[in-house]
Number of protein chains: 2
Amino acid sequence: MTGKPGKVTQREIARIAGVSQTTVSMVLNDRDGSNIRIPDATRERVRRAIEQSTYVADPAARRLAGLDNKILGVFTYESALTPESMDFYGPLLNGIERAAEGLGCDLLFFTSSPVEEGRRRLFHRNTRLRLADGCVLLGQQMDGDDLERLVTEQFPFVAVGRRDETDAHVPYVGIDYGALTDVLVARAAELGHERAVYVHRDRDSPTARDRLAAVARAEGGPLHVTPAAVGDDLSGLPGLIAGAAATVVFAEDAFLLEDVALVLGEAGLDLPGAVSLAALAEVRGHRLNERPLSGFHLPRQQIAAEALALLQQLISTPPEEHGTVATQRLLQGEVAFGDTLVARGGAR
Amino acid sequence: MTGKPGKVTQREIARIAGVSQTTVSMVLNDRDGSNIRIPDATRERVRRAIEQSTYVADPAARRLAGLDNKILGVFTYESALTPESMDFYGPLLNGIERAAEGLGCDLLFFTSSPVEEGRRRLFHRNTRLRLADGCVLLGQQMDGDDLERLVTEQFPFVAVGRRDETDAHVPYVGIDYGALTDVLVARAAELGHERAVYVHRDRDSPTARDRLAAVARAEGGPLHVTPAAVGDDLSGLPGLIAGAAATVVFAEDAFLLEDVALVLGEAGLDLPGAVSLAALAEVRGHRLNERPLSGFHLPRQQIAAEALALLQQLISTPPEEHGTVATQRLLQGEVAFGDTLVARGGAR
DNA sequence: CCGGAGTGATAATTCGCATTATCAACGGTT
DNA sequence: AACCGTTGATAATGCGAATTATCACTCCGG
């Protein structure tokens with residue numbers, strides 16, 4: 001009658017071994033010291049009793065008694081495991097899983113969060129966030145208010161992707177798009193190009209601003225880049241490019257670049273002979289007429305691993321020492337030169 | 001670390017609302033009855049105090065007190081989120097995520113389980129299984145002892161994939177490979193075939209036995225199927241097929257079928273003209289010379305959804321009534337006729 | 001032979017929450 | 001005025017493991 005059938009507790013073990021529950025706990029945790037002394041004979045007796053039963057420590061009780069629960073939360077603003085989102089989330093989740101394995105942590109996915117307008121709500125009536133020791137946040141765009149609230153509530157978390165739009169000091173791990181853009185721009189200049197157009201959706205995110213800043217930086221150099229914010233209608237693009245006498249088009253991401261290529265192709269332009277193309281973003285899995293796109297390769301797995309490492313650090317560091325930790329980290333990524341950024345004039 | 005800075009407990013809420021911890025608990029759980037009476041005014045006061053704080057019930061404490069957590073465990077014997085395993089796990093995980101959303105549950109991935117010989121261990125010194133209300137088990141092949149132990153410990157769980165190899169009554173949701181095989185065999189007969197070979201690894205799993213049984217059933221019909229267990233070396237296959245005068249080869253899975261096709265192709269056989277090919281397994285994503293393989297399409301998402309529904313049912317049903325629940329469920333899948341099973345003689 | 005040091009182990013308490021048993025105050029009846 | 005049911009709330013307890021405070025006993029030196 002000691003609880004549910006099939007449930008073996010320390011008390012039960014203690015009864016069998018003829019000792020107290022305290023002793024069992026001590027043996028299990030290998031405690032020893034001036035105040036705690038258990039002779040090997042007794043230790044053995046307890047160990048045997050444990051091995052002959054199916055005893056497993058109840059994690060809930062351990063947790064309640066004040067041990068770390070070793071659960072890391074994973075919050076995604078959209079469903080993360082759909083075939084469509086796998087493209088973006090897949091490598092990240094893979095990195096997270098591996099990092100969690102390394103840290104000996106379990107992962108809690110907050111699939112219970114209510115969905116509003118296609119996005120999950122982080123904070124709501126019964127937020128379960130605090131089930132975890134800390135949380136990783138994933139998503140193309142996250143809610144600034146959420147981030148601020150997390151900061152003020154001193155809940156350990158790390159955002160994946162650069163997040164410094166708010167005043168609050170948001171811990172994140174992201175990619176240094178600025179540096180990558182610089183390299184790609186330099187490469188284009190090297191290939192003889194002098195004028196380019198940067199096609200972008202006019203979104204206001206830190207990474208978008210990073211790219212724009214890098215584009216603006218190019219001003220003083222050999223390659224002049226004209227930014228061009230566009231909507232869904234790209235029909236004005238050929239004219240714009242002709243007007244700017246551009247021989248290169250940079251696009252904010254690979255999808256946009258594909259749209260651009262479509263429009264330019266229809267306008268009769270030779271691609272990439274007359275106009276080179278490159279995306280200022282991940283290009284894996286994208287091609288233009290069989291040619292691998294020029295753009296970036298981002299170490300998504302590494303980002304995830306770094307994010308979890310940072311999270312773990314925040315969790316194990318008392319809040320008053322958080323100043324000691326570098327909480328905003330940029331990783332360096334890699335430029336994928338690809339085959340759509342070619343020498344001016346069309347030669348490879 | 002228990003003394004987390006921002007930890008809000010019921011006691012704290014009680015202090016703010018000027019009531020007792022008991023009352024807070026009652027309000028939170030909407031308890032009411034002849035013995036428990038709390039006027040709406042008090043209820044409101046408590047609710048406001050809760051909303052103004054960041055209170056979240058401690059799942060460990062809830063569990064210890066004998067309640068549900070709305071946490072469903074997900075255990076995979078291998079890493080589930082690697083690019084390679086995505087092929088198999090992806091659709092399942094997608095289904096699980098969606099089902100969990102529907103049930104309002106969070107998902108706990110047991111990434112902390114120690115890995116031995118490439119496989120995760122379910123039971124170990126600090127099994128955290130019991131943090132979840134119940135658990136879904138995924139994996140091509142799982143440990144029979146694990147399953148038995150879960151049964152005897154009366155921990156709610158559901159295996160994905162048929163598992164009736166053990167004596168214990170293991171709850172599972174699987175695919176009826178027998179019925180699918182019957183259909184495919186009938187189709188081959190319809191196409192004029194009279195002799196076939198079934199190539200399989202000699203593994204002993206329930207689904208493997210299902211297929212073999214179906215193959216044996218074919219004996220009495222118009223299509224005679226000869227089973228052939230093979231290892232890594234398939235070089236004897238062309239001779240075997242010639243000897244049996246077979247015009248169809250069934251293979252245990254799509255990968256094996258591809259290997260078979262390679263060997264037969266090298267032997268100069270016209271595929272599928274001379275010999276038709278079909279896999280008794282999922283063929284999505286596999287092709288033979290641009291032709292979609294003949295075989296099965298399995299409703300993996302649906303399996304996952306069904307598994308979670310069953311799990312939820314087991315959790316909410318007291319153990320003594322488990323007899324009431326249909327705990328072993330087979331889903332029907334779909335035959336993919338494809339283009340590699342063609343009429344005898346080569347005509348489509 | 002008394003007191004301190006050392007040994008081996010346990011009772012008591014804590015964690016946060018749910019539940020059971022209990023209680024004080026009030027209002028109406030006889 | 002004594003009695004009793006109702007209302008509103010709380011003290012006490014349990015869950016399983018970890019930790020702290022204690023205790024009983026032996027051994028040894030002075």
Asks: Consider the side chain of A:T42, meaning its heavy atoms from C-beta on, and name the nucleotide among C:dA9, D:dG16, D:dA9 that approaches it most closely.
Replies: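 The closest nucleotide is C:dA9.
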
Asks: Just to confirm, is there a sub-4.0 Å distance from OP1 or OP2 of D:dA17 to any side-chain nitrogen or oxygen of A:N29?
Replies: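 Answer no for this pair, as no side-chain N or O of A:N29 is under 4.0 Å from OP1 or OP2.
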
Asks: B:T76 and B:R120: side-chain donor and acceptor closer than 3.5 Å?
Replies: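 B:R120 and B:T76 do have a side-chain donor-acceptor pair below 3.5 Å.
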
Asks: Could you tell me whether the phosphate oxygens of D:dC15, OP1 or OP2, come under 4.0 Å of any side-chain nitrogen or oxygen in B:R63?
Replies: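 No, no such contact exists.
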
Asks: Could A:R15 and A:E12 be called an ion pair, given the rule that one side-chain N must be under 4.0 Å from one carboxylate O?
Replies: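 Here A:R15 pairs with A:E12 in a salt bridge, since their nearest N and O are under 4.0 Å apart.
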
Asks: Check step by step if side chain to side chain donor-acceptor pair (under 3.5 Å) holds for A:S20 and A:T23.
Replies: CA-CA 5 Å; A:S20 71; A:T23 305; 3.1 Å; yes

Asks: Before accepting this row, confirm whether a basic side-chain N of the pair B:D133/B:R63 lies closer than 4.0 Å to the acidic partner's carboxylate O.
Replies: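 B:R63 and B:D133: salt-bridged.
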
Asks: Base, sugar-phosphate, or nothing: which does B:L67 touch, judged by heavy atoms less than 4.0 Å apart?
Replies: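 Since only primed, P, OP1 and OP2 atoms lie under 4.0 Å of B:L67, the category is sugar-phosphate.
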
Asks: Can B:D164 and B:R162 be counted as an ion pair, charged N to O under 4.0 angstrom?
Replies: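 A salt bridge links B:D164 with B:R162.
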
Asks: At 4.0 Å (heavy atoms only), tell me whether B:V24 reaches a base, stays on the sugar-phosphate, or touches nothing.
Replies: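 The residue B:V24 makes no contact with any strand.
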
Asks: Could you tell me the separation between the CZ atom of B:R43 and the P atom of D:dT7, rounded to a whole number of Å?
Replies: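 Whole-Å distance recorded here is 14 Å.
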
Asks: State, without any angle test, whether B:H169 and B:T327 hold a side-chain donor-acceptor pair at a distance under 3.5 Å.
Replies: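 B:H169 vs B:T327: donor-acceptor pair found between side chains.
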
Asks: Is a donor from one side chain sitting under 3.5 angstrom from an acceptor on the other, for A:E101 and B:S79?
Replies: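 Their side chains do contain a donor-acceptor pair, which is all the 3.5 Å distance test asks for.
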
Asks: Starting at CZ of B:R15 and ending at C1' of C:dC17, how long is that distance when rounded to a whole Å?
Replies: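 Distance, rounded to whole Å: 18 Å.
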
Asks: Verify the contact: side-chain N or O of A:T23 to OP1 or OP2 of C:dT10, cut-off strictly under 4.0 Å; return yes or no.
Replies: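 Yes, because at least one side-chain N or O of A:T23 sits under 4.0 Å from OP1 or OP2 of C:dT10.
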
Asks: Do B:T82 and B:S85 get their side chains close enough for a donor-acceptor pair, meaning under 3.5 Å?
Replies: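 Yes, B:S85 and B:T82 have a side-chain donor paired with an acceptor closer than 3.5 Å.
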
Asks: Does a distance-only test, which skips hydrogens and angles, find a donor-acceptor pair under 3.5 Å between the side chain of A:Q10 and the base of D:dA18?
Replies: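 Per atom types, no contact qualifies.
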
Asks: Reckon B:A60 touches a base, only the sugar-phosphate, or nothing at all at heavy-atom distances under 4.0 Å?
Replies: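 If one applies the 4.0 Å heavy-atom cut-off, B:A60 turns out to touch nothing in the nucleic acid.
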
Asks: Which residues in residues 44-52 of chain B have a heavy atom closer than 4.0 Å to any atom of DNA chain C?
Replies: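 Heavy-atom cutoff 4.0 Å gives no residues at all.
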
Asks: Tabulate protein N/O versus nucleotide N/O from nucleotides 20-26 of chain C, keeping only pairs under 3.5 Å, one per line.
Replies:
unit_1	atom_1	unit_2	atom_2	d
C:dT22	O4	B:N35	OD1	3.3

Asks: DNA chain C: B:D58 or A:V19, which has the more 5' nearest nucleotide?
Replies: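 The residue closer to the strand's 5' end, by nearest nucleotide, is A:V19.
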
Asks: The side chain of A:Q21 lies closest to which of these nucleotides: D:dC15, C:dA9, D:dA17?
Replies: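 Nearest nucleotide to the side chain: D:dA17.
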
Asks: Reckon A:S34 touches a base, only the sugar-phosphate, or nothing at all at heavy-atom distances under 4.0 Å?
Replies: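 Answer is nothing: A:S34 stays at 4.0 Å or more from every strand.
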
Asks: Under a 4.0 Å threshold between the charged nitrogen and the carboxylate oxygen, would B:R130 count as salt-bridged to A:D58?
Replies: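 Salt bridge: no.
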
Asks: Round to the nearest Å and state the distance from B:R62 atom CZ to D:dG14 atom C1'.
Replies: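 Computing the B:R62:CZ to D:dG14:C1' distance gives 17 Å.
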
